[in-house]
Trainee: 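Here it is: the structure, laid out below.
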Protein chains: 2
Amino acid sequence: MGRPALSAGENILKLAGVENEPPAEYRLQDQIGFVLRKAHQRHVAIFASRIGDLTPPQFAALAMLHEHGDTSQNQLGQMVAMDAATIKGVIDRLKTRGFLTVEKDASDKRRLTVHITPEGDQAVRELVSLAKEITQETLAPLSTREAETLLRLLSKIA
Amino acid sequence: MGRPALSAGENILKLAGVENEPPAEYRLQDQIGFVLRKAHQRHVAIFASRIGDLTPPQFAALAMLHEHGDTSQNQLGQMVAMDAATIKGVIDRLKTRGFLTVEKDASDKRRLTVHITPEGDQAVRELVSLAKEITQETLAPLSTREAETLLRLLSKIA
DNA sequence: CAAAATTCATTCGTATACAAATGATATCTG
DNA sequence: CAGATATCATTTGTATACGAATGAATTTTG
């Protein structure tokens, strides 16, 4: 009588009637990090399809400089969420393109001050409408209300 | 009587009472791409603080292989959203670590079949609980309900 | 079946992204 | 003021990420 001892795959919970709760399995597809990476990839692809000759970080740095005016290199990096090593590369490439210039700060010889050029200003002005379209296309699968919600929640975890 | 001709900054809309709608300005901080990039950065930082010796893409590839079983290199890449060049690097590094092996497919000589090793399986099993904590911490600023909403909306645009 | 098209993997080049180390300059503290 | 700290920028090394070109193998087509 009775039943045999517990065999592999069985446990006391099962005996007690707490059936097979799929052990809170881990599905990669449902993890925020995985979805975040894919959403970001899709956005970058949309960006590249509309603005082929500037990357999102380059545009971000230029747009921030356009909006905010002169800043130091590291400060600009902070504003657009790039560390010192990353912002340097971005600025170098924008400098090569003639969109900005860099000069030593007289009052603090460690600093570099970054200026946007007229060409840089003009580029931002011309690209803003495309950038708006990129935002639109990225959010196209969502209703206006959903898009607002997404932006709000995403901002909270950013 | 009458009023002077339109001067700079004025327009017919203003005359009609549609006041100064700030020209739908473009604020970088409100663009989905910018927020997406920052949220992704934060997640990667959290991941690195908990799982120092494996990157999110490496863990994704290994977890997918664990879950799905043997696949070709490119197919694995598709499953974890990495192009051929990217997945190759990831697999090379996991191979070096002994988490997987790669061998030529006999029936299709173009293909490489990727096998997870016992060490790889073990690593996934041990890391899953940490991975869950990473998800939790990334979503910590949100309520449970908000987290579900975010995941759902993000999946739609991913 | 033979030519054309496709698929799989590799390689190269460019661009983020970040840790860590370094040198120059500023600021703080005792 | 002098030594300790901190900040700014640079450099190096590693790891995604992707476009484009390439070669080998397979599949499709005419």
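Chain identifiers are assigned alphabetically (A, B, ...) following the order of the sequence lines, protein sequences preceding nucleic acid strands; residue numbering begins at 1 within each chain. These values consider heavy atoms only, across backbone and side chains, with no hydrogens, waters or symmetry-generated copies.
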Trainee: Which of residues 58-82 of chain A have a heavy atom under 4.0 Å from DNA chain D?
Mentor: A/Ser72, A/Gln73, A/Asn74

Trainee: Evaluate the side-chain proximity of B/Asp92 to B/Val102: yes if any heavy-atom separation is below 4.5 Å, no if none is.
Mentor: no

Trainee: If you define the side chain from C-beta out and look only at heavy atoms, does anything of A/Gln73 sit under 4.5 Å from A/Leu76?
Mentor: no

Trainee: Between atom CG in B/Asp105 and atom P in C/dA9, what is the gap in whole Å?
Mentor: 9 Å

Trainee: How many whole angstroms separate atom CZ of A/Phe47 from atom P of C/dT16?
Mentor: 10 Å

Trainee: Using a cut-off of 4.0 Å on non-hydrogen atoms, how would the nucleic acid contact of A/Val44 be classed: base, sugar-phosphate, or nothing?
Mentor: nothing

Trainee: For the NZ atom on B/Lys38, are there more than 12 heavy atoms of other groups (residues, nucleotides or ligands in this structure) within a distance under 6.0 Å?
Mentor: no

Trainee: Given C/dT16, D/dA9, D/dG19, which nucleotide is nearest the side-chain atoms of A/Leu112?
Mentor: D/dA9

Trainee: Nearest-Å distance, NZ (A/Lys95) to C1' (D/dT10)?
Mentor: 12 Å

Trainee: So do B/Lys104 and B/Lys109 actually touch side chain to side chain, heavy atoms under 4.5 Å?
Mentor: no

Trainee: Taking atom C1' of C/dT14 as reference, at what distance in whole Å does atom CG of A/Asp53 sit?
Mentor: 15 Å

Trainee: Rounding to a whole Å, what distance do you find between A/Ile46:CD1 and D/dC18:P?
Mentor: 13 Å

Trainee: Considering heavy-atom distances to DNA chain D, does A/Ala85 or A/Arg42 have its closest nucleotide positioned more toward the 5' end?
Mentor: A/Ala85

Trainee: Just wondering, do A/Ile51 and A/Asp53 contact through their side chains at under 4.5 Å, heavy atoms?
Mentor: yes

Trainee: Provide, to the nearest angstrom, the distance between the CZ atom belonging to B/Arg111 and the C1' atom belonging to D/dT27.
Mentor: 12 Å

Trainee: Which letters describe nucleotides 22-29 of chain C, given B = protein heavy atom under 4.0 Å from base, S = only from sugar-phosphate, - = neither?
Mentor: --BBS---

Trainee: Taking only N and O in the side chain of B/Thr55, is any of them less than 4.0 Å away from OP1 or OP2 of D/dT16?
Mentor: yes

Trainee: Starting at atom CG of A/Asp92, determine the distance to atom C1' of C/dT14, rounded to an integer number of angstrom.
Mentor: 14 Å

Trainee: Taking C-beta and beyond as the side chain, do A/Pro56 and B/Arg37 meet within less than 4.5 Å on heavy atoms?
Mentor: no

Trainee: Determine the minimum heavy-atom distance between A/Leu142 and B/Leu153, stating which atoms define it.
Mentor: CD2-O, 4.0 Å

Trainee: What class does the angle between the rings of B/Phe47 and B/Phe59 fall in, given that below 30° is parallel, 30 to 60° is tilted and above 60° is perpendicular?
Mentor: tilted

Trainee: Any Lys/Arg nitrogen of B/Arg152 or A/Glu146 sitting under 4.0 Å from an Asp/Glu carboxylate oxygen of the other?
Mentor: yes

Trainee: Can you tell me the distance, in whole Å, between the CG atom of B/Asp83 and the C1' atom of C/dC8?
Mentor: 13 Å

